[in-house]
Amino acid sequence: MPKKKGRLEFLEMKKKGEKVTWVTAYDYPTATFAEAAVLDMILVGDSLGMVVLGYSGTIPVTMEDCIRHCQAVRRGAPNTFVMGDMPFGSYQVSDEQAVASAVRFLKEADMDAVKLEGGVRVKSRIRAIADSGILVCGHIGLTPQSSGPMGGFKAQGLTPESARYVIADALAVEEAGAYAVLLEGIPPELTEFIHRRLSIPVYSIGAGAPCDGQLIICGDMLGQFQAFTPKFVKKYANVAEVVTAAFRQYADEVRNGVFPGDEHVYHIRKGCEEEYAEMLKEYE
Ligand code: KIV
């Protein structure tokens with residue numbers, strides 16, 4: 001059984017240059033697979049809105065959705081560091097609202113940490129959550145909850161002007177007391193700079209290799225989510241193909257009488273076949 005890692009182990013890994021492995025999961029079976037593969041961290045992302053619930057973005061995802069999926073993941077991965085993602089609307093109103101939402105992730109779903117999107121504009125939220133004793137991870141660069149104002153899911157920091165905003169966000173996240181920061185959709189040159197400049201662990205999703213670890217969306221890497229595939233995704237499996245083929249074969253076998261076979265049924269208890277047949281006759 002893997003030993004559950006925490007903030008100190010992640011700092012130690014950073015010091016030694018060991019990369020953290022991190023995937024999203026939203027349900028019990030996927031969480032069991034992640035733990036069996038001894039991954040370091042799991043994020044129950046609000047990407048569940050797209051990957052699992054079929055929304056076109058993350059905005060409709062609620063606290064109830066997130067808590068329910070976090071609980072399932074925790075049951076599947078009791079020995080893995082699991083982070084809950086704060087959905088849109090759960091921290092926008094005030095610092096007090098942010099703390100109350102973060103507290104729910106710990107009390108109701110046994111999460112080890114929470115994540116929220118934004119840097120400079122959510123600095124007081126991060127500080128309030130960190131001051132209440134909860135590990136909080138920042139998420140900057142391409143932030144899906146802001147894809148509307150950003151004009152879509154677009155890479156950030158590609159020009160010097162845009163990179164200044166990302167750097168300001170990174171500094172704000174660290175100053176506010178986040179224990180780590182996740183960079184999404186920025187160039188590796190900027191990732192390398194931020195990694196050098198900050199002392200907290202710096203993780204990447206679509207931000208290249210020069211940092212402390214990688215996150216990937218399970219639906220993307222497993223080939224489950226088919227609406228679109230970002231450039232930064234590598235597919236390690238094609239679950240959609242495997243599952244569709246299995247469903248097709250099942251349907252064929254049912255239609256052709258191949259399934260269920262004799263090995264898939266319960267037989268009448270040995271010795272009472274005759275009595276059974278007599279009993280059925282009474283109803284004819
Ligand atoms: O919800 C999520 O999975 C995320 C990742 C895109 C970083 O926030």
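Side chains included, hydrogens not; waters and symmetry mates left out as well; all remaining heavy atoms used. Just so you know, ligand 1 is whichever comes first in the structure, and atom 1 is the first atom listed for that ligand. The first residue of the sequence shown is numbered 1, and numbering continues consecutively from there. What you are looking at is a predicted structure, and each value in this text was computed from that prediction instead of being measured.
- Taking the side chain as every heavy atom from C-beta outward, L215 and Y203 never approach each other to under 4.5 Å.
- Between E174 and S199, the side chains place a donor N or O and an acceptor N or O closer than 3.5 Å (distance only, hydrogens not considered).
- Every residue was checked against the side chain to side chain donor-acceptor pair (under 3.5 Å) condition with H264, not counting sequence neighbours, and none meets it.
- Under 3.5 Å, the side chains of H139 and D85 contain no donor-acceptor pair of N or O atoms.
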N/O contact list for ligand 1, threshold under 3.5 Å:
residue  : atom  : partner : partner atom : Å
ligand 1 : 1 (O) : D46     : N            : 3.0
ligand 1 : 1 (O) : D46     : OD1          : 2.9
ligand 1 : 1 (O) : S47     : N            : 2.9
ligand 1 : 1 (O) : S47     : OG           : 3.2
ligand 1 : 1 (O) : D85     : OD2          : 3.0
ligand 1 : 3 (O) : S47     : OG           : 2.5
ligand 1 : 8 (O) : D85     : OD2          : 3.3
ligand 1 : 8 (O) : K115    : NZ           : 2.9

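- With a 4.5 Å cut-off on side-chain heavy atoms, I217 and I205 count as touching.
- Salt bridge R68/E64: absent, no basic N to carboxylate O contact under 4.0 Å.
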